[in-house]
Amino acid sequence: MSAQPAKKLHQSDGAYQRFYEESIRNPKGFWSRQSELIDWHKPFDKVLDDSKPPFARWFVGGETNLCHNAVDRHLAELGDKPGLIFVSTETDTEQVYTFNMLHDEVQRAAAMLLKLGVKKGDVVLIYMPMISQAAFTMLACTRIGAIHSVVFGGFASHSLASRIDDAKPVVIVSADAGSRAGKVVAYKPLLDEAIKTARHKPAKVLMFDRGLAEFTRVEGRDEDYASLHKAVAGTKVPVTWLKATDTSYVLYTSGTTGKPKGVQRDVGGYAVALAASMKYIFMAEKGTPFFSTSDIGWVVGHSYIIYGPLIAGMSTVMYEGLPIRPDGGIWWKIVQDYKVTGMFSAPTAVRVLRKQDPKFLTQYDISSLKALFLAGEPLDEPTANWISGAIGKPVVDNYWQTETGWPILAIQRGVEPLDAKLGSPGVPVFGFNVNVLNEDTAQPCKVNEKGVVAIEGPLPPGCMQTVWGDDERFVKTYWSSFAARQVYSTFDWGIRDKDGYFFILGRTDDVINVAGHRLGTREIEECISSHPNVAEVAVVGVADQLKGQVAVAFVILKDTTKADTPDKSMAQEGDIMKLVDGQLGAVARPSRVYFVSVLPKTRSGKLLRRAIQAVCEGRDAGDMSTIEDPAALAQLKERVGR
Ligand code: AMP
């Protein structure tokens with residue numbers, strides 16, 4: 001199928017069109033040129049091996065290293081310039097590490113891991129708050145060829161345990177606590193509980209003690225970061241050259257089943273894709289700071305807090321704290337103080353800022369900023385309008401997923417600053433042969449016709465290699481949505497307009513997006529079902545003004561006489577919320593739990609999720625001809641007050 005890029009726009013000189021078309025028509029030539037953006041220890045023999053579709057192996061035979069490209073190669077030019085800028089408004093700390101200092105810290109972290117027995121190809125799980133040591137550890141892993149698997153610090157013991165069992169880390173690196181709005185969130189008890197319940201046990205746990213929460217050490221297993229750090233002072237750990245096709249990391253993401261999928265990424269393809277995206281999408285300016293407000297636990301944190309900016313020779317701002325503490329001006333103050341040139345955040349954060357006093361936006365000098373990039377969830381028009389007006393800079397929406405590792409759709413201002421359209425993340429990014437397909441025929445939809453956003457294989461460099469430890473699941477999950485042919489499904493509905501701009505219309509599966517965090521409703525349902533008095537549960541995502549979506553749970557109790565008693569073991573709304581907090585983390589907590597006696601299902605027993613969601617959002621429930629018990633819908637409406 002031929003590429004369908006954006007049509008030439010008013011005053012466009014066609015630069016985007018030519019660039020994009022070349023990337024689709026001649027991917028090998030295109031990516032061979034982009035590969036020059038990074039350092040290679042050994043050149044590759046073959047740009048692409050796609051002999052076993054849908055698996056794509058990029059830069060076969062080449063050898064490189066992510067840490068070398070992020071740190072070592074900049075030392076001669078930028079050694080005494082900032083590499084990592086750490087700002088915590090939780091602990092009132094600001095620390096600037098030059099590239100030389102970063103190089104030293106990463107080598108020490110690598111030396112510590114080696115001392116603990118970590119070898120090339122071993123998995124190191126990182127369960128840490130947003131602190132510099134987490135960045136050092138990630139870079140140390142990729143330096144020595146260990147595979148890191150970062151688990152978001154907001155996840156609790158059950159989520160952590162399932163990831164430990166799947167990733168099988170030899171070492172876990174963690175810290176005593178995180179901090180949120182000045183409140184200490186202890187990590188160690190959650191970690192200990194997770195290791196206790198997991199079948200796989202790590203040999204060692206390396207603990208960074210911030211002095212925030214006291215914790216007990218497990219004799220023989222737990223090691224102290226500070227003591228080891230001292231012991232390895234001055235140790236030089238050379239870069240281990242890796243095959244471009246080796247694995248750099250595994251990052252878990254939610255899908256349709258309760259079991260999270262480990263998105264596995266390579267080394268060379270990822271480095272090249274990030275370097276190209278920094279140049280053509282994020283307009284990287286070497287020697288200046290890039291500030292991404294995400295968390296290292298998410299893909300944006302991997303690509304655009306750690307690797308992307310550093311590979312581009314930018315310093316990266318790592319921020320621990322809320323956007324409104326000490327006040328709503330804190331992010332703009334950081335932009336002013338460090339002369340940030342690129343900033344990356346999420347629409348949710350902008351909606352939070354919008355509620356603050358507008359004076360915060362005029363109080364600071366943000367003239368250094370070239371653009372604000374937003375991703376992770378749909379950017380609604382009011383939010384987009386407000387923020388572009390307020391900062392007077394281009395606001396660049398970009399659409400992608402954990403699986404792709406970098407944007408699929410965006411205005412690529414480094415190629416050509418095409419006009420943005422409100423509500424659209426833009427046009428296909430070079431390398432992605434993306435289309436809107438009819439869900440039954442797999443044929444391209446007509447202009448403005450709704451279909452599934454899908455990508456023709458082979459996927460470009462930087463995208464997932466496979467599902468960790470499960471090639472079959474990779475093929476079955478992502479490449480089997482259409483009977484007609486093998487094509488990658490994003491699981492998003494979308495439309496493409498006459499100018500080639502895409503609009504994303506929500507997920508085709510049971511994944512929800514809460515404040516930019518991707519959650520599987522099945523995972524939350526499985527957690528709630530573990531309550532002894534819960535017979536059945538349905539969790540749906542419901543539109544929310546601030547967070548985009550929130551989870552709402554409908555629960556059928558086994559013993560209904562127990563529902564409204566004050567006895568804590570009986571499953572009331574608060575109990576269910578606490579259960580989710582403890583097992584999955586507060587991020588997955590339903591905003592409301594309703595108790596019902598029956599759930600709307602079809603006569604064949606399929607839950608009518610879309611109908612439940614529609615009722616919660618005050619919309620029409622749609623065609624209900626297949627409903628088994630119409631009273632279920634009436635009860636639902638009554639419960640949610642619609
Ligand atoms: P994650 O893997 O956590 O990055 O979540 C990816 C999902 O978030 C996508 O499949 C979309 O459903 C949604 N998403 C990400 N970015 C955007 C965007 N710019 N506009 C609309 N939806 C988005």
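Only this structure's heavy atoms are used, side chains among them; waters, hydrogens and symmetry mates stay out. Each ligand, and each atom within it, is numbered from 1 in the order the structure gives.
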Member of E523, K261, R522 meeting the side chain to side chain donor-acceptor pair (under 3.5 Å) criterion with S254 = E523

Which heavy atom of the protein is the closest neighbour of [atom], given with residue, atom name and distance?
atom: atom 6 (C) of ligand 1; value: W400 O, 3.5 Å
atom: atom 18 (C) of ligand 1; value: E377 O, 3.3 Å
atom: atom 10 (O) of ligand 1; value: D492 OD2, 2.5 Å
atom: atom 16 (N) of ligand 1; value: G376 N, 3.1 Å
atom: atom 3 (O) of ligand 1; value: R518 CB, 3.2 Å

Could you tell me if the ring centre of Y280 sits under 6.0 Å from that of F19?
->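 Ring centres of F19 and Y280 closer than 6.0 Å.
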
Assert yes or no for the condition that the ring centre distance of W332 to F291 is strictly below 6.0 Å.
-> no

4.0 Å heavy-atom contact, W298 with ligand 1 =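 Heavy atoms of W298 never come under 4.0 Å of ligand 1.
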
Quick one: sort the Y249 and Y307 rings into parallel, tilted or perpendicular, breaks at 30° and 60°.
-> parallel

Got a sec, which residues hit ring pair (Phe, Tyr, Trp, His ring centres under 6.0 Å) with Y187, two or more places apart in sequence or on another chain?
-> Y127

Enumerated ligand 1 atoms positioned under 4.0 Å from heavy atoms of N398 = 16 (N), 18 (C), 19 (N)

Would you mind running through ligand 1 and noting each atom that sits below 4.0 Å from a heavy atom of N513?
->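 Going through ligand 1 atom by atom, the ones under 4.0 Å from N513 are 8 (O), 13 (C).
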
Using heavy atoms and a threshold below 4.0 Å, how should the contact between T402 and ligand 1 be classified: side chain, backbone, both, or neither?
-> both

Of the side chain and backbone of H517, name the one, both, or neither that has a heavy atom under 4.0 Å from an atom of ligand 1.
->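 None of H517 does.
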
What do the steps show when you test W298 against V150 for side-chain contact (heavy atoms from CB on, under 4.5 Å), and what is the final call?
-> CA-CA 8 Å; W298 308 110; V150 183; over 6 Å; no

Have D380 and T383 got a donor and an acceptor in their side chains that come within less than 3.5 Å?
->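 There is such a pair (donor and acceptor under 3.5 Å, judged by atom type) between the side chains of D380 and T383.
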
